**Q** 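Below are the structure tokens for one structure; questions will follow.
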Amino acid sequence: MALTKVYDAATVFKHLNGILNVYKPAGMKVKHVRNAVLSNICKGLNEMELREPRKLAKDRPLLGTGTAADSVLHNIASNTDLSDHILAAGPRYMPGDIRCAAVSSLGDHTSGVLLFGINKGLKQSSRIQRNRPVRVYHVTARMGTATEDHLPNSRITVRSNHRHVSADRISGLAASMQASHQRKMYELCGVDLQTQAAYELACKGLIRPKDNTQPVIYGIKLIHFERPHFTLELHAMNESEQYMAALVHDMAIELRTVAHCSQLRCIRHAHFDVTDSLLRHGWHLPGIIKNMRQQRDILEANPQLLDQERIELHAAS
């Protein structure tokens, strides 16, 4: 499909609809990312060809001043409505003109994939959020020190020895925790894990929480170990930054040491991968338009992201 260069701001704004995948830096709030993206979109639109100010009606009566300047004023007013000029009314496009909302939020210390729905893409973003797809994280922990909230940039409260901890012990504990979480999901559904009903339930797909308040862990595995750091790959739903940090802290306690999260990174949200995320230096109008086109191709290739059958997880009656 051939691409056509467009210089008209109104045409670009008309087609500014869909899902945007940006890379959120650590230490930056989601609302600040949103404000930066919207400001750059408006800046790009205002630098394009804008519509001319409105023309005044020819039969509009004008009051004169009784001086020699009357003819000049009448000539100006008969051509252009000066109240609609950008020097009087301000920029044509403002951040408030664009509707934008995050599909799912990320914590302040978390970096990685962050999805936004823009204008008509808000409907798509709400449907993705309602389907609650799995997100994948790389969580890096530092052993030997514990902090107040189990996150970096917090006061150290405890120090401990970690020389006895090995990669095999961490892998074994991660596998045990994964099995425990999977067993708990079936128990909440009132199904025994060793029955035919559990097999039929598993064949239907992922068991998803009934609401957005119940965190569910689908997979935990160790992917890197270099003392005193180790990195876990976490597949989760309805998770939060505090929940993952507390999970790392609990794992360290089981290993008879202490640890805190030194880095949290979301690498995938459903089929939206970190390799397709728009980096901060690309948060300009051409980059945003190109990224939204890429995300539209992903949605077309995976229609189940917008509409899929869900097996809801809830307490058995």
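If you're wondering where the values come from, they're calculated on a predicted model, not measured in any experiment.
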**Q** Would you find a donor on one side and an acceptor on the other, under 3.5 Å apart, between the side chain of N40 and the backbone of W283?
**A** yes
**Q** Between D273 and T275, does any side-chain donor sit less than 3.5 Å from a side-chain acceptor?
**A**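 Present: a donor and an acceptor within the cut-off.
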**Q** Is the side chain of H15 donor-acceptor paired with the backbone N or O of T11 at a distance under 3.5 Å, no angle test?
**A** yes
**Q** Under the 3.5 angstrom rule, does the side chain of N21 hit a backbone N or O of L115 as a donor-acceptor pair?
**A**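 Not a single qualifying donor-acceptor pair exists.
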**Q** If you round to the nearest 0.5 Å, how far is CD1 of I289 from CG of L16?
**A**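 L16 atom CG to I289 atom CD1 measures 4.5 Å (nearest 0.5 Å).
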**Q** Heavy atoms, side chains only, cut-off 4.5 Å: are L151 and L264 in contact?
**A**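 Touching, per the 4.5 Å side-chain cut-off.
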**Q** Please check if L279 and I267 belong to a single hydrophobic cluster, counting links between Ile, Leu, Val, Met, Phe, Trp and Tyr side chain heavy atoms closer than 4.5 Å.
**A** yes
**Q** Shortest non-hydrogen contact from Q182 to Y218?
**A**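 Heavy atoms of Q182 and Y218 come nearest at NE2-O, 3.5 Å.
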**Q** Would a hydrophobic clustering, with Ile, Leu, Val, Met, Phe, Trp and Tyr connected at side-chain separations under 4.5 Å, put L122 with I19?
**A** no
**Q** Between V248 and L255, is there shared hydrophobic-cluster membership here, with clusters defined by ILVMFWY side-chain heavy atoms closer than 4.5 Å?
**A**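 Both belong to a single hydrophobic cluster.
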**Q** Return the NZ to CG distance between K29 and N35, rounded to the nearest 0.5 Å.
**A**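 Those atoms lie 12.5 Å apart.
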**Q** In sequence, state the C-alpha distance, the side-chain angles, and the governing distance for L278 and V37, and then conclude on side chain to side chain contact (heavy atoms under 4.5 Å, CB included).
**A** CA-CA 11 Å; L278 194 61; V37 169; over 6 Å; no
**Q** Walk me through it: do I128 and L299 pass the test side chain to side chain contact (heavy atoms under 4.5 Å, CB included)?
**A** CA-CA 10 Å; I128 294 174; L299 288 174; 4.2 Å; yes
**Q** Output, in order, the C-alpha distance, side-chain angles, deciding distance and verdict of side chain to side chain contact (heavy atoms under 4.5 Å, CB included) for L106 and R135.
**A** CA-CA 11 Å; L106 292 176; R135 289 200 284 187; 3.3 Å; yes
**Q** Is a donor on one side and an acceptor on the other found under 3.5 Å between the side chain of D97 and the backbone of M94?
**A**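 A pair under 3.5 Å: yes.
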**Q** First locate atom OG1 of T195, then atom CD of E200, and finally report the distance between them rounded to the nearest 0.5 Å.
**A** 8.5 Å
**Q** Does a side-chain heavy-atom distance below 4.5 Å link I217 with L234?
**A**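 I217 reaches L234 side chain to side chain.
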**Q** For residues M244 and C261, determine if any side-chain heavy atom of one lies less than 4.5 Å from a side-chain heavy atom of the other.
**A**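 Counting from C-beta outward, M244 and C261 never come under 4.5 Å.
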**Q** Go through N46 and R92 one step at a time and tell me if the side chain to side chain contact (heavy atoms under 4.5 Å, CB included) criterion holds.
**A** CA-CA 7 Å; N46 289 321; R92 288 280 183 248; 3.9 Å; yes
**Q** Give a yes or no on this: more than 12 heavy atoms of other residues, nucleotides or ligands lie within 6.0 Å of atom CD of E52.
**A** no
**Q** How close do C100 and R34 get, heavy atom to heavy atom, and via which atoms?
**A** O-NE, 3.0 Å
**Q** Do H164 and R169 touch side chain to side chain, with heavy atoms closer than 4.5 Å?
**A** yes
**Q** Any donor-acceptor pair under 3.5 Å linking the side chain of N17 with the backbone of N119?
**A**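 Not at all, since once roles are kept as given, no pair shorter than 3.5 Å links the two residues.
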**Q** With the side chain counted from C-beta on, respond yes when V33 and F116 share a heavy-atom pair under 4.5 Å apart, and no when they do not.
**A**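 V33 reaches F116 side chain to side chain.
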**Q** Please say whether more than 12 non-hydrogen atoms of neighbouring residues, nucleotides or ligands are located less than 6.0 Å from CZ in R163.
**A** no
**Q** Any chance you could measure H269, atom NE2, to S277, atom OG, to the nearest 0.5 Å?
**A** 11.5 Å
**Q** Side chains of Q124 and L306: closer than 4.5 Å at any heavy-atom pair?
**A**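 They are in side-chain contact.
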**Q** Step through the shown structure and confirm whether more than 12 heavy atoms of other residues, nucleotides or ligands are within 6.0 Å of CD on E148.
**A**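 Yes.
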**Q** Got a second to check how far T145's OG1 is from I156's CD1, nearest 0.5 Å?
**A** 5.0 Å
**Q** Do M292 and Q295 have side chains that get closer than 4.5 Å, going by heavy atoms?
**A** no
**Q** In a check of side chain to side chain contact (heavy atoms under 4.5 Å, CB included) between R142 and each of R227, H260, Q263, H162, which one passes?
**A** H260
**Q** Ignoring hydrogens and geometry, is there a side-chain-to-backbone donor-acceptor pair from K24 to S105 under 3.5 Å?
**A** no
**Q** To check you understand the geometry: which heavy-atom pair defines the closest contact between D276 and Q294, and what is its length?
**A** O-OE1, 4.2 Å
**Q** Are any side-chain N or O atoms of N291 and backbone N or O atoms of G287, one a donor and one an acceptor, separated by less than 3.5 Å?
**A** no
**Q** Do the side chain of S39 and the main chain of A36 share a donor and acceptor less than 3.5 angstrom apart?
**A** no
**Q** Y137 and side chain to side chain donor-acceptor pair (under 3.5 Å): which partner among R265, R268, E239?
**A** E239
**Q** Can you find a heavy atom in the side chain of D149 that is under 4.5 Å from one in the side chain of T147?
**A** yes
**Q** If the plane angle is over 60° it's perpendicular, under 30° parallel, otherwise tilted; pick one for F13 and Y93.
**A**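 Because their plane-to-plane angle lies in the 30° to 60° range, the rings of F13 and Y93 count as tilted.
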**Q** Verify the cluster assignment for V139 and L247: are they in a single hydrophobic cluster under the rule of side-chain heavy atoms below 4.5 Å apart?
**A**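 They do share one cluster, since a chain of ILVMFWY contacts under 4.5 Å joins V139 to L247.
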**Q** Could you tell me the separation between the NZ atom of K221 and the CD1 atom of I170, rounded to the nearest 0.5 Å?
**A**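 Separation between the atoms: 15.5 Å.
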**Q** Taking all non-hydrogen atoms of both residues, which atom of I298 and which atom of L305 are closest, and how far apart?
**A**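 Heavy-atom minimum between the residues: CG2-CD1, 4.5 Å.
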**Q** Spell out, as yes or no, whether a donor-acceptor pair under 3.5 Å connects the side chain of Q178 to the backbone of I220.
**A** yes
**Q** Using the rule that Ile, Leu, Val, Met, Phe, Trp and Tyr join whenever any side-chain heavy atoms are under 4.5 Å apart, tell me whether L173 and Y243 fall into a single cluster.
**A**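 Yes, because L173 and Y243 connect within a single hydrophobic cluster, where side-chain heavy atoms sit under 4.5 Å apart.
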**Q** Nearest heavy-atom pair of A167 and L222: which atoms, and what distance?
**A**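 Reported closest heavy-atom pair: O-CD2, 3.5 Å.
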**Q** Does the S262 side chain pair with the main chain of T140, one donor and one acceptor, at a distance under 3.5 Å?
**A**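 Looks like yes, one N/O pair under 3.5 Å.
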**Q** Please name the pair of heavy atoms, one in A9 and one in L45, separated by the smallest distance, quoted to 0.1 Å.
**A** CB-O, 3.4 Å
